[in-house]
Amino acid sequence: MKNRTRKWHTKSNFSIHLDNPSFRQPRLLIYGKFDPVKRWVKEFESSIHKGSPNFACKLNTINQCTRNAHLSGSKLGLGCWLGVSFFSGCTSISSPVAHSMDGEDHFIHFWDSVLKTLLPLKPEKNFKSYVETCVSILKNLTNQWAVTQGSVLHGHLLKKGVFSERYIAVKFLIMYLNSRKSAEANEIVKEFNGFDVIVHNCLISANLKGGNLDKARKLFDEMPERNEVSWTALISGFMRYGKVEESMWYFERNPYQNVVSWTAAICGFVQNGFSFEGLKLFLKLLESGVRPNKVTFTSVIRACAELGDFKMGMSILGLIVKTGLESNVSVSNSLITFFFRMAEITLARRVFDEMKERDVVSWTAILDIHVEMGDLLEARRIFDEMPERNEVAWSAMIARYGQSGYPEESLELFRRMVEEGVRPNVFCFSFVLSALASMKAMGTGMSIQGHLIKTGMGKDVSCSISLIELYSKCGEIKDARVVFDLILQKNVVSWNAMISGYSLNGKIEEAQKYFSIMPARNNVSWSIMIAGYLDNKEFDKVFEVYNEMLLVGESPNKSTFSSLLCACASIPSLEKGKDLHGKAVKLGFQLDVFVGTALIDMYAKAGDIESSKLIFNSMPKKNEISWTAMLQGLAESGFVEESLKLFQEMERSSSVSPNELMLLSVLFACSHSGLVDKGLEYFNSMETVYGIKPKARHYTFVVDMLCRAGRLSEAEDFIESMPFQPETNAWAALLSGCKTYKKEVLAEKVANKLSKMAEKNPAACVLLSNIYASSGRWKDVVNVRKLMKEKNLKKSGGCSWVELRNQVHSFYSEDGSHSQSADIRDILELLRFEMRPFQRFTD
DNA sequence: CGGTACCCTA
């Protein structure tokens with residue numbers, strides 16, 4: 001069911017709304033930098049001017065800083081005040097990640113400073129607020145796993161005699177349980193002197209948090225009496241681990257059916273993907289006369305968003321208004337996302353704008369809307385000016401920068417995140433690792449891996465997947481394999497990453513091996529294999545795997561189609577291509593940039609340039625590759641003027657800038673239409689205007705262009721003045737120019753040059769032997785061939801193939817490997833015999 | 001001492 005929602009809000013829904021003026025116009029003007037801590041530190045400084053700060057002033061400052069511990073300036077502010085330099089340890093380290101890892105220390109320093117200020121204070125001055133402050137610090141320490149600082153506070157409170165309060169003892173118990181400090185936890189349990197419902201509840205929920213479901217159940221069963229909290233803890237705990245049936249077993253037997261336990265069950269359904277059942281349970285709740293509260297509504301609204309049920313959502317909104325909860329922060333937060341998922345972006349914005357009070361989730365929700373729509377600039381603006389950021393907001397930005405081709409920015413944000421004391425979760429780590437993978441920054445990736453191993457996240461699937469990606473991209477496939485082997489719970493995605501790594505490193509057999517033994521495959525697995533065979537130019541295998549994929553009932557995705565179409569373009573097979581085009585339209589992929597581009601290329605290579613143009617013009621989004629394919633298609637199909645016109649149009653009207661391949665097409669077009677001077681002009685402006693350094697292939701095209709126009713001496717000068725070794729093809733172009741324009745002297749010169757190169761260059765050998773053959777110098781031909789054999793030079797052979805009943809048969813020259821090779825040769829002999837009378841026409 | 005909304009890997 002989760003998948004259904006994901007599929008439902010595709011990007012195409014939003015492109016319409018992006019242009020909606022009512023959404024565009026009102027910019028988010030409510031931003032404003034808000035950092036109360038800075039204000040408090042300022043007030044504190046002014047009180048120093050008046051004299052030394054008193055108890056109330058110090059306590060107040062601690063409270064403010066603790067309450068706003070998440071804010072960026074707070075740690076710095078308090079640190080400066082206490083004379084602790086938070087950045088002392090980090091300025092000397094230049095590596096961004098080493099820098100980040102030190103963030104943990106800043107964060108510990110922060111709490112050390114807080115305690116250093118708190119401990120000398122005398123509680124008698126205002127006992128009540130002193131205790132309140134301690135409890136608030138303790139809560140933060142528990143959330144942030146600062147158990148060392150927690151035990152310092154614990155000892156201090158014992159000494160001061162504040163610890164007698166029962167509820168404080170419970171909070172320490174929870175802290176110790178969460179940090180798995182069983183000795184300390186047992187100590188506190190002992191002090192409670194026997195059975196206590198609350199202590200037992202704490203034990204149960206700690207076990208549930210750690211995943212020990214059986215232990216939790218046992219503790220629950222052993223309890224002589226239970227309260228409503230015991231039941232709800234169990235219900236929600238089982239839901240958290242996907243045990244919906246067990247959870248409902250307890251729900252139905254729960255003697256205290258209050259809102260909280262109802263909400264736990266409803267929410268559990270929604271979180272496990274059973275939103276419809278969640279809604280049904282909500283209706284039952286209404287029937288039973290229990291009044292839903294804000295938490296219930298947030299879960300139910302989320303269920304409507306997951307189901308895409310706008311009407312139901314609006315009915316529930318009616319109920320919300322009736323109960324007076326429409327201005328509640330959490331409820332509004334869920335409504336923002338609900339409207340966004342319904343593509344009602346204006347409504348989502350209105351909910352946000354009309355909120356009297358916003359929290360970090362509200363900001364993250366509105367941030368995510370911009371991120372999802374691809375408006376990265378505006379998203380960044382919101383992100384920078386948000387009053388508070390949590391790991392969700394950070395990870396949304398880090399992920400999106402990485403995916404949009406800005407891995408450096410992704411890494412920089414990650415560094416800042418850790419520096420500001422926000423603890424990254426496994427998702428965050430995997431985002432930043434995949435950004436590093438696209439930068440091929442193995443060293444930095446390894447230091448993050450070190451951190452992951454140290455903190456016990458080294459075997460996590462999502463992090464490991466990104467690590468596999470990183471090592472494969474850097475060519476360290478063995479290391480990728482080590483990471484893969486260590487994953488505790490391998491899922492399909494991790495297998496896919498491994499297969500794709502092998503394929504990327506040219507080990508298609510290994511990829512095939514893993515593909516065949518993986519326990520479960522999805523369409524991505526199949527696509528990876530198809531793309532792998534495509535990279536290896538084994539086109540018959542491409543279609544073989546595709547047919548097998550269809551046979552097992554797996555549905556191809558967009559990337560499958562672009563690989564298949566690319567294979568069609570390489571063969572080229574118009575029939576297969578058209579067939580795939582039809583299927584793509586049926587599945588709604590024809591508007592996709594990658595599929596569209598592959599179609600353009602396929603039709604162009606198959607000679608149907610009209611169809612290419614039709615597709616190009618109908619594409620709603622074109623990227624650099626689409627333009628390149630179209631320009632190349634036009635130029636190579638002989639539509640040179642149109643190709644040049646399109647290039648100019650692109651420069652004028654699109655944000656795409658010219659690349660190497662486009663300039664090759666332009667030079668090709670100029671060469672084939674006799675526009676030599678225009679071509680030279682383009683070539684000379686490559687570096688100055690477009691910032692592209694010409695490659696050997698560009699030089700070859702210019703040589704070809706000059707030769708075609710008969711400007712042979714110019715071509716010779718050009719080839720001699722090249723800053724690097726010319727391609728063999730450049731010499732070939734010059735030679736064929738000599739042949740056309742009967743320049744025998746020059747031809748002889750070129751041949752001499754080639755014979756010098758022939759030692760190492762198989763292409764030069766072939767060219768040379770062709771020259772000798774054409775002038776009847778058979779002895780020289782044999783010498784060249786002998787040279788090739790001695791030096792073990794091999795030219796990659798030409799290959800031809802035919803397509804029969806969904807199978808591609810390929811043949812190399814002198815190739816007898818086909819199973820029906822003998823029969824084929826017999827037929828060929830027969831055909832040759834029958835064609836003999838026409839032979840004089842073929843020469 | 002129990003229940004929530006925002007982010008989620010190829």
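Chain letters run A, B, ... following the sequence lines, proteins first, then strands; residues in each count from 1.
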Can you list, pair by pair, the side-chain donor-acceptor contacts under 3.5 Å of residues 428-440 of chain A, counting residues two or more places apart and other chains?
{"residue": "A:Ser430", "atom": "OG", "partner": "A:Phe427", "partner atom": "O", "Å": "2.9"}
{"residue": "A:Ser434", "atom": "OG", "partner": "A:Phe431", "partner atom": "O", "Å": "3.1"}
{"residue": "A:Ser438", "atom": "OG", "partner": "A:Ala435", "partner atom": "O", "Å": "2.8"}

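- Put simply, CD1 on A:Ile198 is 8 Å from P on B:dC1, counting in whole angstrom units.
- Base contact: A:Ser395 has a heavy atom under 4.0 Å from a base atom.
- Rounded to whole angstrom, the span from the CZ atom of A:Phe340 across to the P atom of B:dA5 amounts to 17 Å.
- Nearest nucleotide to the side chain of A:Asn491, out of B:dT9, B:dC6, B:dC1: B:dT9.
- In this structure, CD1 of A:Ile336 is placed 9 Å from C1' of B:dC6, rounded to the nearest angstrom.
- Distances from the side chain of A:Cys202 to the nucleotides B:dC1, B:dG3, B:dA10 place B:dC1 closest.
- The side chain of A:Lys294 contributes no N or O atom lying less than 4.0 Å from OP1 or OP2 of B:dG3.
- Among residues two or more places apart in sequence or in another chain, the side-chain contact (heavy atoms from CB on, under 4.5 Å) test is passed with A:Ala264 by A:Thr232, A:Ile235, A:Ser236.
- Look at CD on A:Gln403: it is 13 Å from P on B:dC7, rounded to the nearest Å.
- Residue contacts for A:Lys209: at a heavy-atom cut-off of 4.0 Å it reaches no nucleic acid atom on any strand shown.
- Listed nucleotides: B:dA5, B:dC6, B:dG3. Nearest to the side chain of A:Thr298: B:dA5.
- Comparing atom distances between the A:Ile465 side chain and each of B:dC6, B:dT9, B:dC1 picks out B:dT9 as nearest.
- Take A:Glu469 and apply the side-chain hydrogen bond (donor to acceptor under 3.5 Å, both in side chains) test, not counting sequence neighbours, and it matches no residue.
- Using a 4.0 Å heavy-atom cutoff across all strands shown, A:Phe431 reaches sugar-phosphate atoms only and no base atom.
- Among the nucleotides B:dG3, B:dC1, B:dC8, the one closest to the side chain of A:Thr232 is B:dG3.
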For residues 217-226 of chain A, which side-chain donor-acceptor pairs fall under 3.5 Å, sequence neighbours excluded?
{"residue": "A:Arg226", "atom": "NE", "partner": "A:Phe220", "partner atom": "O", "Å": "3.0"}
{"residue": "A:Arg226", "atom": "NH2", "partner": "A:Phe220", "partner atom": "O", "Å": "3.2"}
{"residue": "A:Arg226", "atom": "NH2", "partner": "A:Asp221", "partner atom": "O", "Å": "3.3"}

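- Side chain to side chain, A:Thr560 and A:Asn523 fail the donor-acceptor criterion of an N or O pair below 3.5 Å.
- Inspection of the A:Ser330 and A:Asn333 side chains reveals no N or O donor paired with an N or O acceptor under 3.5 Å.
- Within 6.0 Å of the NZ atom in A:Lys294, the count of heavy atoms belonging to other residues, nucleotides or ligands does not exceed 12.
- Atom P of nucleotide B:dC1 and atom CD1 of A:Ile204 are separated by 15 Å, given to the nearest angstrom.
- Rounded to an integer number of Å, the gap from A:Ile499 CD1 to B:dT9 C1' is 16 Å.
- For A:Lys171, the side-chain contact (heavy atoms from CB on, under 4.5 Å) partners are A:Val135, A:Leu138, A:Tyr167, not counting sequence neighbours.
- Closest approach to the A:Val392 side chain among B:dA10, B:dG2, B:dC7 is made by B:dC7 (side chain taken as heavy atoms from C-beta onward).
- Listed pair A:Gln271 / B:dA5 meets the phosphate criterion, a side-chain N or O lying under 4.0 Å from OP1 or OP2.
- Relative to the side chain of A:Thr263, the nucleotides B:dA10, B:dC7, B:dG3 differ in distance, and B:dG3 lies closest.
- One donor-acceptor pair, N or O on each side, does fall under 3.5 Å between the base of B:dG3 and the side chain of A:Asn293.
- Residues passing the side-chain contact (heavy atoms from CB on, under 4.5 Å) test with A:Asn390 are A:Val360, A:Thr364, A:Val392, A:Ala393, sequence neighbours excluded.
- With sequence neighbours excluded, no residue satisfies ring-ring contact (aromatic ring centres under 6.0 Å, His included) with A:Phe338.
- Whole-Å rounding puts the A:Asn390 CG to B:dC6 P distance at 12 Å.
- Shown for residues 523-535 of chain A: residues whose heavy atoms fall under 4.0 angstrom of DNA chain B, namely A:Val524.
- With respect to the salt-bridge test (charged N to carboxylate O, under 4.0 angstrom), the residues A:Lys280 and A:Glu277 do not qualify.
- Of the candidate nucleotides B:dC1, B:dG3, B:dC6, B:dC1 has the atom lying nearest to any side-chain atom of A:Ile174.
- Atom CD of A:Glu391 and atom C1' of B:dC7 are 8 Å apart (whole Å).
- Against DNA chain B, the stretch residues 328-335 of chain A makes heavy-atom approaches under 4.0 Å through A:Ser330, A:Asn333.
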